[in-house]
Participant: 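Just dropping this structure here.
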Amino acid sequence: ETPEDANRLCQAQIDKPPGEQPQISGPAPTSECANALQILFTDPELKKLWGKFGSECPPPFFMCLCCSPKGFSGAFIPPRRPGEARMVYLCWNNLKGSPSEFKKTLLHELTHALQDCKDGEVDCKESLKREMEAYMAEGSCSDFSSCLEAAIRSSCAKGGFCSDANEVAAVFDELRR
């Protein structure tokens, strides 16, 4: 991949029509999702990640929802005001019946929740780094390029931190180091 490839990929995400952006349509059955969340205390990898939360970095709350499009699995939402809860939204309708996808989504979103406890401003470059770390944590990257591509898609989506495809191309080489 080249900076030009990164630029094209980011611009394609920015230009997506609103109908292709993730949307929430309502609550999901909470007992099913709550039962599935017990994996946090039984799966060794998730248990280790969950153990990193504490008084300095409180764990997020979970909300199970029905979402579209079909491929959308979840999101971490940081607090917007002091005292507001940190939330992980799980798209239960897209995750139920797939324990491996549920686990990957938890690994990814909990990584973002831990990243949120770090000081520092999040800009396009930091967003790309954080997305790459989250995709690596969930284990869905086969190599650096696939991780970077996933990070670009996420960071350049509507409402993401990268709204300028040229900016993504500019940090591309730095991230490859």
Side-chain angles (χ1 to χ4, degrees), residues 13 16 18-140 147 150-163:
Q13 288 300 114
K16 269 190 174 181
E20 293 181 35
Q21 299 302 319
Q23 301 199 1
I24 295 169
S25 60
T30 53
S31 61
E32 286 180 29
C33 188
N35 288 339
L37 282 168
Q38 294 307 305
I39 192 173
L40 289 169
F41 310 107
T42 57
D43 179 87
E45 199 174 4
L46 283 166
K47 194 174 176 180
K48 180 179 177 185
L49 191 59
W50 187 252
K52 293 181 180 182
F53 292 100
S55 60
E56 294 295 314
C57 183
F61 290 93
F62 294 93
M63 184 175 286
C64 298
L65 303 164
C66 293
C67 314
S68 62
K70 190 162 178 50
F72 188 59
S73 57
F76 169 73
I77 307 297
R80 292 185 176 92
R81 293 178 287 283
E84 197 173 81
R86 301 159 75 239
M87 298 293 300
V88 169
Y89 293 133
L90 298 167
C91 295
W92 184 243
N93 59 312
N94 296 334
L95 293 169
K96 67 180 177 182
S98 181
S100 64
E101 283 301 310
F102 189 70
K103 178 181 173 179
K104 281 172 50 172
T105 300
L106 286 172
L107 287 167
H108 187 103
E109 302 310 337
L110 288 175
T111 297
H112 284 317
L114 287 168
Q115 292 166 337
D116 181 59
C117 291
K118 298 176 186 173
D119 289 332
E121 193 66 30
V122 178
D123 57 9
C124 179
K125 180 177 157 183
E126 183 63 22
S127 174
L128 287 167
K129 286 180 179 179
R130 288 180 177 200
E131 284 298 335
M132 286 186 68
E133 181 183 1
Y135 281 110
M136 285 187 267
E138 76 176 51
S140 66
C147 257
I152 290 170
R153 286 184 193 282
S154 184
S155 293
C156 292
K158 292 273 191 267
F161 286 96
C162 300
S163 57

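Worth saying up front: this structure is predicted, and the values here are computed from it rather than measured.
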Participant: Is a side-chain donor or acceptor of Asn94 paired with a backbone partner of Phe72 at a separation under 3.5 angstrom?
Facilitator: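 Indeed, once roles are kept as given, a pair shorter than 3.5 Å links the two residues.
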
Participant: Applying side-chain contact (heavy atoms from CB on, under 4.5 Å) to Trp92 and Leu65, what does each step give before you reach the verdict?
Facilitator: CA-CA 6 Å; Trp92 184 243; Leu65 303 164; over 6 Å; no

Participant: Does the pair Leu37 and Leu106 meet the rule for a side-chain contact (heavy atoms from CB on, under 4.5 Å), with working shown?
Facilitator: CA-CA 9 Å; Leu37 282 168; Leu106 286 172; 3.9 Å; yes

Participant: Would you call Lys104 and Glu101 a salt bridge, taking side-chain N to carboxylate O under 4.0 Å as the test?
Facilitator: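 Yes.
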
Participant: State, with a plain yes or no, whether a side-chain heavy atom of Lys52 is found less than 4.5 Å away from one of Leu49.
Facilitator: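 The answer is yes, as the side chains (C-beta and beyond) meet within the 4.5 Å cut-off.
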
Participant: How far does SG of Cys91 sit from CE of Met63, to the nearest 0.5 angstrom?
Facilitator: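 Taking SG in Cys91 and CE in Met63, the distance rounds to 12.0 Å.
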
Participant: Taking atom CD of Glu84 as the centre, report whether more than 12 heavy atoms of other residues, nucleotides or ligands fall under 6.0 Å from it.
Facilitator: yes

Participant: Among His108, Met87, His112, find the residue that satisfies the side chain to side chain contact (heavy atoms under 4.5 Å, CB included) test when tested with Phe76.
Facilitator: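 Among the candidates, only His112 passes.
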
Participant: How close do Arg86 and Pro79 get, counting heavy atoms only, and between which atoms?
Facilitator: CG-CD, 3.3 Å

Participant: Would you call Lys103 and Glu45 a salt bridge, using N to O less than 4.0 angstrom?
Facilitator: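 Looking at Lys103 and Glu45, the cut-off is met.
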
Participant: Taking it one step at a time, do Leu90 and Ser73 satisfy side-chain contact (heavy atoms from CB on, under 4.5 Å)?
Facilitator: CA-CA 6 Å; Leu90 298 167; Ser73 57; over 6 Å; no

Participant: Regarding Glu126 and Arg130, does a basic nitrogen lie under 4.0 Å from an acidic carboxylate oxygen?
Facilitator: yes

Participant: Taking Leu107's backbone N and O only, do any of them form a donor-acceptor pair with Thr111's side chain (distance below 3.5 Å, no angle check)?
Facilitator: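 Side chain of Thr111 to backbone of Leu107, a donor-acceptor pair under 3.5 Å: yes, one is there.
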
Participant: With side chains defined as the heavy atoms from C-beta onward, is the minimum distance between Asp123 and Phe161 less than 4.5 Å?
Facilitator: no

Participant: Can you give me the closest heavy-atom contact between Pro60 and Val88, atom names plus distance?
Facilitator: CG-CG2, 3.7 Å

Participant: Kindly indicate whether the side chain of Leu110, heavy atoms from C-beta on, has any atom under 4.5 Å from the side chain of Trp50.
Facilitator: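 Counting from C-beta outward, Leu110 and Trp50 do come under 4.5 Å.
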
Participant: How long is the straight-line distance from CE of Met136 back to SG of Cys147, given to the nearest 0.5 Å?
Facilitator: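 Nearest 0.5 Å value for the SG-CE distance: 5.0 Å.
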
Participant: Please report the interatomic distance SG(Cys33) to CZ(Phe62), rounded to the nearest 0.5 Å.
Facilitator: 9.0 Å

Participant: Restricting to non-hydrogen atoms, name the atom on Asp116 and the atom on Pro78 that form the minimum distance, rounded to 0.1 Å.
Facilitator: OD1-CB, 3.4 Å

Participant: Do you know which two heavy atoms are closest between Cys57 and Leu114, and how far apart they sit?
Facilitator: SG-CD2, 4.0 Å

